[in-house]
**Q** 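Could you have a look at this structure, given as structure tokens, before my questions?
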Amino acid sequence: MSVQAAMLGLGVALVPDFMVTDELAQGRLCQATPEAHDSDRACYFVVPEGREHDALLVRFGTWLAEVAAEPHRC
């Protein structure tokens with residue numbers, strides 16, 4: 001459901017990469033932050049194409065990356 005909401009421009013989705021492989025490949029979603037996080041549960045923060053430079057989304061993605069980097073949070 002979160003992936004569909006992100007594709008409609010209603011928010012962002014934090015999901016495992018296998019859930020958005022086609023959407024990323026076809027340009028329906030894009031990775032919102034360039035950072036990758038090593039985890040046994042890897043995931044992508046994705047937003048609709050063209051919104052990856054939106055200041056609010058960039059700030060949210062930065063915050064999310066910081067929280068995910070904290071021990072036992074991701």
Side-chain angles (χ1 to χ4, degrees):
M1 183 179 294
S2 61
V3 172
Q4 290 86 358
M7 288 174 51
L8 292 171
L10 300 175
V12 298
L14 181 62
V15 298
D17 61 347
F18 72 85
M19 291 182 66
V20 292
T21 302
D22 291 340
E23 290 82 358
L24 291 169
Q26 295 172 5
R28 292 183 296 195
L29 288 173
C30 61
Q31 187 172 339
T33 62
E35 295 87 12
H37 300 283
D38 292 330
S39 170
D40 59 346
R41 296 181 292 167
C43 50
Y44 289 91
F45 168 56
V46 296
V47 298
E49 183 78 28
R51 303 251 345 249
E52 62 270 18
H53 301 292
D54 181 294
L56 186 57
L57 292 175
V58 170
R59 283 197 313 244
F60 177 73
T62 300
W63 170 82
L64 191 58
E66 290 169 359
V67 169
E70 294 175 10
H72 309 294
R73 293 293 290 266
C74 183

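For clarity, every value in this text was computed on a predicted model and none was experimentally measured.
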**Q** Looking only at atom types and distance, does a side-chain atom of Glu66 sit under 3.5 Å from a main-chain N or O of Leu64, one as donor and one as acceptor?
**A** no

**Q** Could you state whether Phe60 and Leu56 fall into the same hydrophobic cluster, counting links through intermediate Ile, Leu, Val, Met, Phe, Trp or Tyr residues with side-chain heavy atoms under 4.5 angstrom apart?
**A** no

**Q** Could I get the full list of side chain to side chain donor-acceptor pair (under 3.5 Å) partners for Gln4, not counting sequence neighbours?
**A** none

**Q** Can you see which heavy atom on Cys30 is nearest to which on Glu52, and at what distance?
**A** SG-OE1, 3.2 Å

**Q** Within a strict 4.5 Å, meaning less than it, do heavy atoms of the Val47 and Gln31 side chains meet?
**A** no

**Q** Looking at residues at least two apart in the chain, or sitting in another chain, which of them share a side chain to side chain contact (heavy atoms under 4.5 Å, CB included) with Ser2?
**A** Ala13, Val15

**Q** Taking side chain to side chain contact (heavy atoms under 4.5 Å, CB included) as the definition, give me every residue that meets it alongside Leu8, ordered by chain and number, with sequence neighbours left out.
**A** Leu10

**Q** Quick check: closest heavy atoms across Pro48 and Ala6, and the distance to 0.1 Å?
**A** CG-O, 2.8 Å

**Q** With a 4.5 Å limit on heavy-atom distance, are the side chains of Asp54 and Val58 in contact?
**A** no

**Q** Between CD of Glu49 and CG of Leu24, what distance do you get to the nearest 0.5 Å?
**A** 10.0 Å

**Q** In the structure I gave you, are the side-chain heavy atoms of Leu29 and Met7 within less than 4.5 Å of one another anywhere?
**A** yes

